Amino acid sequence: MEKYNPEEIEIKWQKKWEEYRLYEAKYIPEKKKFYILEMFPYTSAQIHMGHVRNYTIGDVVARYKVMNNYNILHPIGYDAFGLPAENAAIKQNIHPKEWTYKNIETIRRQLKRLGISYCWEREVITCDDEYYRWNQFFFIQFFKKGLVYKKKAPANWCPSCQTVLANEQVINGRCWRCGEIVENKNLEQWFIKITEYAERLLDFNKIKNWPERVITMQRNWIGKSEGCEIYFYIPELNENLSVFTTRVDTLMGVTYIVLSPGHPLVNKLIEISPKKQKIEFFLDKVKKISLTVSDILNLEKEGVETDIFAIHPITQQKIPIWIGNYVLMEYGTGAVMAVPAHDQRDFEFAQKYNLPIKIVIKNPEWKEIPEKIEKAYENPGIMINSWIFDGLDSEKGKKEVCKYLEKINKGKKAIYYKLKDWCISRQRYWGTPIPIIYCPKCGVVPEDEKNLPIKLPEEVKITGKGESPLKYVNEFLECKCPVCKGDAKRETDTMDTFVDSSWYFLRYASKDIKDKPFDKDEVNYWMPVDQYIGGIEHAILHLLYSRFFIKVLYDLGFVDFEEPFENLLCQGMVIKDGAKMSKSKGNVVDPEDMIKKYGTDTLRLFILFAAPPEVDLEWSEKGVEGCWRFLNRVWRLHNEITNYKEQNQKNDEKLKFMINKLIKGVTEDIEKEFQFNTCIAKMMEFINYLGKEINNRNFSKDILIDCWKKFIKILYPFTPHICEEMWEDLNGSNFLFNENWPSYQEIETIEEKINIGVQINGKIKGNIEISPDLNEEQIYELIKNHEKFKKFLEGKKIINKIYIKNKIINLVLED
RNA sequence: GCCGGGAUGGCGGAAAGGAAGACGCAACGGACUUAAAAUCCGUUGGGAGCUUGCUCCCGUGAGGGUUCGAAUCCCUCUCCCGGCACCA
């Protein structure tokens, strides 16, 4: 064949694959399936190296699995709703829809040029009304199940993006997208009760293999705490104040109580407090701070005394009530019992305001109980100054005190979660309209399912300011109430795009479906996803919402499985000069440029070779060149092999051994942890061997061709185009996609002589050539008489011999 | 602060308690060539010694331990990366 010309052969094969619809997934219930999924791309202008890495890894898995006789589903689609489309609309004066579909065309072209084995027949575009109508459908099902509600809530408001953000989209008090400081704003918004599923989301038993850190991150995010709710009676209000604590064993050490500034009792307390003005002044200050600075992390603890008291449930003592800036309204009951001796935060507060500190847990390291402590003692210990509980271990005390409180009706066991309900409202245009109607007579009613989809109006003015642009589109806003048929108005909020991505993988698994969100049987066949691949940045958001969504669909009878993704691989970033590729750093390498220069196969090979999938990959064009050289070497070797003239068959056995070892190594490395980098290294070793040996012409031609065919097959998942071309040249009649992965046998060695290491007292002293069937004693005899090792053994007694077959022998001598 | 993950040549990285540094990059030397590119061959962890191709010593962040044998297991510490962070 001619010189290796990647562009020509890659485009040739990409056309053929498309022509034959080679990658079209078929629903064959009796065949074992494998669902390989990569996180679909957001429809920004074009794909970057991160995508290339993600999709290449997926493609290797897909091609490998299909060659191992799995029925494969390997789909692709586009995460097409979201803010940037609107930003582009404002900036470039282009309609979000037009912008999005233009980008989809670019991305689709780029993906095809990468030669990924996607089933193009099942593309999903989330901004297509045939897709998002089912978001609306599910919203209505959730609504009917009581899982959706509306409430006025202090929302995270990004003044730059002019929109509400979910808690997960706020990172250290800043907007996840633009980095602006997030403010609070009270808005009526739609929530989904993910908190009802907190306990089930903590159960990871039905997940097979996820990175441990992702599970940990989700666990922390859900943040389960077990403890006790305690009621402190406030005589002046004739009301009980409920606090939550995980340290009920320290109850006797409570010296004051702190309410969050947002606590509902605060307003009542102001009215009866002698310190009314001081409190109002303090609340004003707190409000201002929380409005301007969300960076509460470094905020100094401050508070104000109310001069109102609560009654301790056990001692009946009067406990002063404070209002403090360090108590969160969003967690627990919004009020805490302060135990300064055993909680560092309370300790700092108590020091500042000179509040009493009462020690009730004895640190085992203390010889006697100190008069003063420097900081709170937060670890377990023995209970003291605690009435009938004295002497108990604090862990046991937790149970005992709680039991006692339950008995006297002053408290109960309680569990709290950090997880908050999922706010899905967005005051935006480019998203799924929430299918709710406000009727003056009937109130808040869901849209009739028959009227779905509620389509986004095309004519719209996007300003990027304040409320949803849909508020100003009358044809959208005005509607009829599905109950009374009277005039009514639509909800103008649209849905968070994480709703779209919570079930897109079900839509893939159900081809050409019109009247339902998906076909239950086909979805139950393909799902759960056998291997999901994507970035670690979705460890909480997308993956938790999807798990939740699927559990709800399971409860509603839509699907028969409870977890969407059995195995998860989070690939590392592609970095250059020590930083993630980004426009602002000016270190972006465009995949298309690389493809033009070297071809897709070389780019794929480099990305797979440079690092194992889950660690960050340092970009190196020199490394790309190395891969380019390798493929050229393969190509030249192919030509040498097809023109090969045999002289003798001396090395046939060795060649068979080498290819067998290679197949075994590559298969095991893929099966183990998708260690594609070492797979490629092994193939390089094989090519190095063959390249050196072929000129000696010690192989018979048919053995050589047979081995070469096997080699092409195992290289195929990594660099499919060049392999198809060589395969065709060898008169392969089939696409490699339809060939079987070669098998291998367990062979230890075929060599007549092998080298093993020789250790004396565990230190390597050299090596010795032996025949592999020798035993420990026989090898020892050789060493004893060997010029090199003799000297170590003379006059010494051997107390131990350890022989690891074909590797090393260790002789242990007496001192 | 808490929870994860990590530290191996000049660089990316190999090594499932058994010869550390596979494979690739870079570097150096050589062949081919009028020359260059391409290609091919060789050397390449550090140090010391001499007889110059061999011998010895050291070496996987630091220190200790387990073991015949540790990059790998255990303990202590340092540094780096990631996540969470006033969650009661």
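Every chain is numbered from 1 and lettered A, B, ... according to where its sequence line falls, protein lines coming before strand lines. These figures come from a predicted structure and were not determined experimentally.
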- Any ion pair linking A:E226 and A:K413 (charged N to carboxylate O, less than 4.0 Å)?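 The answer is no: the pair does not qualify as a salt bridge.
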- Check every strand shown and say whether A:V339 touches a base, only sugar-phosphate, or nothing at a heavy-atom separation below 4.0 Å. nothing
- Query: Just checking A:V812: base, sugar-phosphate only, or nothing, at a heavy-atom cut-off of under 4.0 Å?
  - Reply: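 If one applies the 4.0 Å heavy-atom cut-off, A:V812 turns out to touch the sugar-phosphate alone, with no base involved.
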So, using ring pair (Phe, Tyr, Trp, His ring centres under 6.0 Å) as the criterion, who are the partners of [X] when residues are at least two apart?
| X | answer |
| --- | --- |
| A:Y231 | none |
| A:F609 | none |
| A:F789 | A:H786 |

When the [atom1] atoms of [M] and [N] are compared, how many Å lie between them, rounded to an integer?
| N | M | atom1 | answer |
| --- | --- | --- | --- |
| B:A15 | B:C23 | P | 13 Å |
| B:G10 | B:U44 | C1' | 11 Å |
| B:G82 | B:G13 | P | 16 Å |

- Message: With a cut-off of less than 4.0 Å, is there a side-chain N or O of A:R636 near OP1 or OP2 of B:C40?
- Response: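 Checking B:C40 against A:R636, a side-chain N or O does come within under 4.0 Å of OP1 or OP2.
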- Item | Residue-phosphate contact under 4.0 Å: A:K763 side-chain N/O, B:C58 OP1/OP2 |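 Yes, such a contact exists.
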Can you tell me how far [atom2] of [N] sits from [atom1] of [X], to the nearest Å?
| X | N | atom1 | atom2 | result |
| --- | --- | --- | --- | --- |
| A:N639 | B:A38 | CG | C1' | 16 Å |
| A:H342 | B:C86 | NE2 | C1' | 19 Å |
| A:I536 | B:G83 | CD1 | P | 9 Å |

- Item | Any N/O donor-acceptor pair, A:K301 side-chain to B:C86 base, under 3.5 Å | yes
- Task: Go through the N and O atoms of the side chain of A:N810 and the base of B:C68, and report whether any donor-acceptor pair is under 3.5 Å.
- Result: yes
- Message: Counting only Watson-Crick pairs (N1-N3 plus N6-O4 or O6-N4) and G-U wobbles (N1-O2, O6-N3), all under 3.5 Å, who is the partner of B:G1?
- Response: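 The answer is B:C84, by the H-bond criterion.
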- Item | Ring center gap for A:Y4 and A:W628 short of 6.0 angstrom |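 So the answer is yes for these two rings.
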- Item | A:R547 to A:F204, cation-pi by 6.0 Å centre distance and 45° axis angle | yes
- Message: So if I take every side-chain heavy atom of A:I804 and compare against B:C84, B:G4, B:G18, which nucleotide ends up nearest?
- Response: B:G18
- Query: In terms of side-chain heavy atoms, does A:Y598 have a donor or acceptor partner in A:E621 at a distance below 3.5 Å?
  - Reply: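 Their side chains do contain a donor-acceptor pair, which is all the 3.5 Å distance test asks for.
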- Whether each nucleotide of nucleotides 19-27 of chain B has a protein heavy atom under 4.0 Å at its base (B), only at its sugar-phosphate (S) or at neither (-) is summarised, 5' to 3', as BS-BBSSS-
- Does A:S225 or A:A610 map to a spot on RNA chain B nearer the 5' end, using the closest nucleotide for each? A:A610
- Message: So A:I373 and A:F347, do their side chains get closer than 4.5 Å, heavy atoms only?
- Response: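 Yes, at least one pair of side-chain atoms sits under 4.5 Å.
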- A:Y331 vs A:F244 aromatic rings, parallel, tilted or perpendicular, using cut-offs 30° and 60°?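 A:Y331 vs A:F244 ring planes: perpendicular.
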- Message: At a heavy-atom distance below 4.0 Å, what parts of residues 669-676 of chain A sit against RNA chain B?
- Response: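 Heavy-atom cutoff 4.0 Å gives A:K672, A:Q675.
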- Residues which pass salt bridge (Lys or Arg N to Asp or Glu O under 4.0 Å) with A:E640, listed by chain and number, not counting sequence neighbours: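 So A:E640 forms no salt bridge (Lys or Arg N to Asp or Glu O under 4.0 Å) with any residue.
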